[in-house]
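Just follow the structure's listing: the first ligand is 1, and inside any ligand the first atom is 1. In this chain, residues are counted from 1 in sequence order. Predicted, not measured: the structure shown is a model, and the values here were computed from it.
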Amino acid sequence: MNKRIFLSSPHMSGKELEYIKEVFDSNYIAPLGAFVDRFEESIKNYTDAKNALALNSATAALHLALRVLGITAGDDVLASTFTFIGSVNAIIYQGANPIFIDSDIDSWNLSPKLLNKYLLECDKKPKALIVTHLYGMSCEIDKIAEICRLHGVYLIEDSAESLGATYNGKHTGTFGDFGVYSFNGNKILSTSGGGMLVSENKKWIEKARFYSTQAKEPFVHYEHIEYGYNYRMSNVLAAIGVGQMEVIEERVAKKREIFEWYKEFLGDIQEVSFMPELENSRGNRWLTALTFENTNPIKVMQALEEINVESRPLWKPMHAQPLFKDAQGLIDGTSDNLYAKGLCVASSTTMTRADVKMICDIIRNQL
Ligand SMILES: Cc1ncc(COP(=O)(O)O)c(C=O)c1O
C-alpha cells in the first residue's frame with residue numbers, strides 16, 4: 001500500500017524546529033512571548049493588515065470579532081451557507097441568529113445578489129455578515145463590502161482557508177471590518193492549531209486582545225469588570241508560525257500548480273468542472289474542488305480510498321444541517337447542487353505531478 005496522501009497535510013519549512021529551540025532556550029514556553037509578536041508582525045507585513053492578534057484558533061478570532069462589534073443575544077448575523085461550521089459557531093456562542101445566504105455559481109461563494117435582496121426585503125436588519133472565501137478562493141468581496149457599507153452591516157471575512165489569496169491585488173481578510181486566518185493542521189500554513197484576527201481598527205484589536213486574556217483590568221491585582229476568554233496563542237506555536245510564514249508564497253505557488261495538474265489531466269472531460277477563480281483575483285487553491293455532472297462523488301471518494309488517498313465531499317451547506325433546521329435565510333439551491341456533485345481532491349503541497357496523475361487515472365476510471 002502506498003503512503004497515505006492527505007487532502008492537505010502540514011508542510012514545514014525546515015526553520016520551525018530552530019525557532020522552537022529558541023523558545024525552549026529562553027524558557028518562554030508560556031502563551032505570549034517574542035514569537036507571538038513576530039508572528040503578528042509577519043502577518044501584518046504580508047497581508048498589509050494594519051493590526052493583528054494571534055489566537056489559538058480562527059473560531060476564537062471570529063468569536064472575538066462578534067463580541068467586540070457588540071453582537072449579542074437575539075441579533076441577526078448573516079453568513080455564507082456554503083462553508084465549514086467553524087465559520088458560524090461563534091454566532092451561536094453569542095446567542096445570535098445565523099441567517100444563511102446561498103452561493104453564486106460564478107464563484108461558488110456568497111452571492112452579492114442574494115445578499116442585497118435579503119437586505120432590501122428583511123424586516124429586521126442584521127448586524128453583521130461573516131463571508132467565507134471558500135477553499136482559498138476569493139468571493140466577490142468588493143461588491144459584498146459595498147453592499148454591507150450601504151446597509152450599515154459590519155463585514156467579517158472568514159479567510160480561514162484563504163491566506164495568500166488576493167482580490168484586485170489586496171489580500172482577502174483586509175477588506176472588511178475584521179478578517180480571520182486559520183493555522184489549523186490542514187490549512188495552507190499550520191501551527192498545529194491557531195488563528196489570527198486582523199483589522200484596520202486598532203481599538204477593536206486592542207479590545208479583542210483584552211478579551212482574549214481573561215479581560216484583566218490594568219491593576220496589579222486581578223480586577224474584572226467584564227468576562228473574557230483564554231484564547232491567546234502559545235509562544236511555541238507562534239515559533240512554528242514564524243517559520244511557516246517564510247514559505248507562504250512557495251506554498252501558494254505549489255497549491256496552484258497542483259490545481260493546474262488536475263486541470264491538465266481531467267480538463268478534457270465534459271462532466272468535470274472546477275471551482276472558478278474570479279477575474280482580478282488570485283486564489284490560493286487550498287483544496288482543488290470539482291464537480292461531476294453525472295457521477296456520484298462518493299463513488300469516486302471510495303475508489304480513491306482504496307489506493308489510500310484522501311478526498312472529501314464539498315462542505316454540506318449550513319442551511320441543510322440539522323443544527324440549523326429552523327434558521328432563516330435566502331437559499332436558491334446553488335450550494336445544495338454543488339454539494340451533491342462535488343468533491344475536494346488531495347492537494348497537499350508535498351504531492352508530486354505523478355501523485356496527481358495517479359489520482360486522476362482513478363477518477364477517470366469511475367466516470
Ligand atoms: C471556513 C472556515 N472557517 C473557520 C474555520 C475554523 O478554523 P479553526 O480550526 O482555526 O478554528 C475553518 C477551519 O478549520 C474553516 O475552514
Between Glu146 and Lys143, does at least one N-O distance fall below 4.0 Å, as a salt bridge requires?
no
Residues with a heavy atom under 4.0 Å from ligand 1, by chain and number, are Ser57, Ala58, Thr59, Thr83, Phe84, Gly86, Ser87, Thr132, Asp158, Ala160, Glu161, Ser182, Asn184, Lys187, Gly194
Can you tell me if Thr83 and Thr132 form a side-chain donor-acceptor pair at under 3.5 Å?
yes
Please determine if Glu260 and Lys254 form a salt bridge, counting it only when a charged side-chain N lies under 4.0 Å from a carboxylate O.
no
In terms of ring plane angle, is the pair Trp204 and Tyr154 parallel, tilted or perpendicular, where the classes change at 30° and 60°?
perpendicular
Side chain to side chain contact (heavy atoms under 4.5 Å, CB included), paired with Met275, selected from Leu314, Thr291, Leu287, Asn109
Asn109
Scan side-chain atoms only and decide if Ser190 and Gln244 contain a donor-acceptor pair under the 3.5 Å cut-off.
no
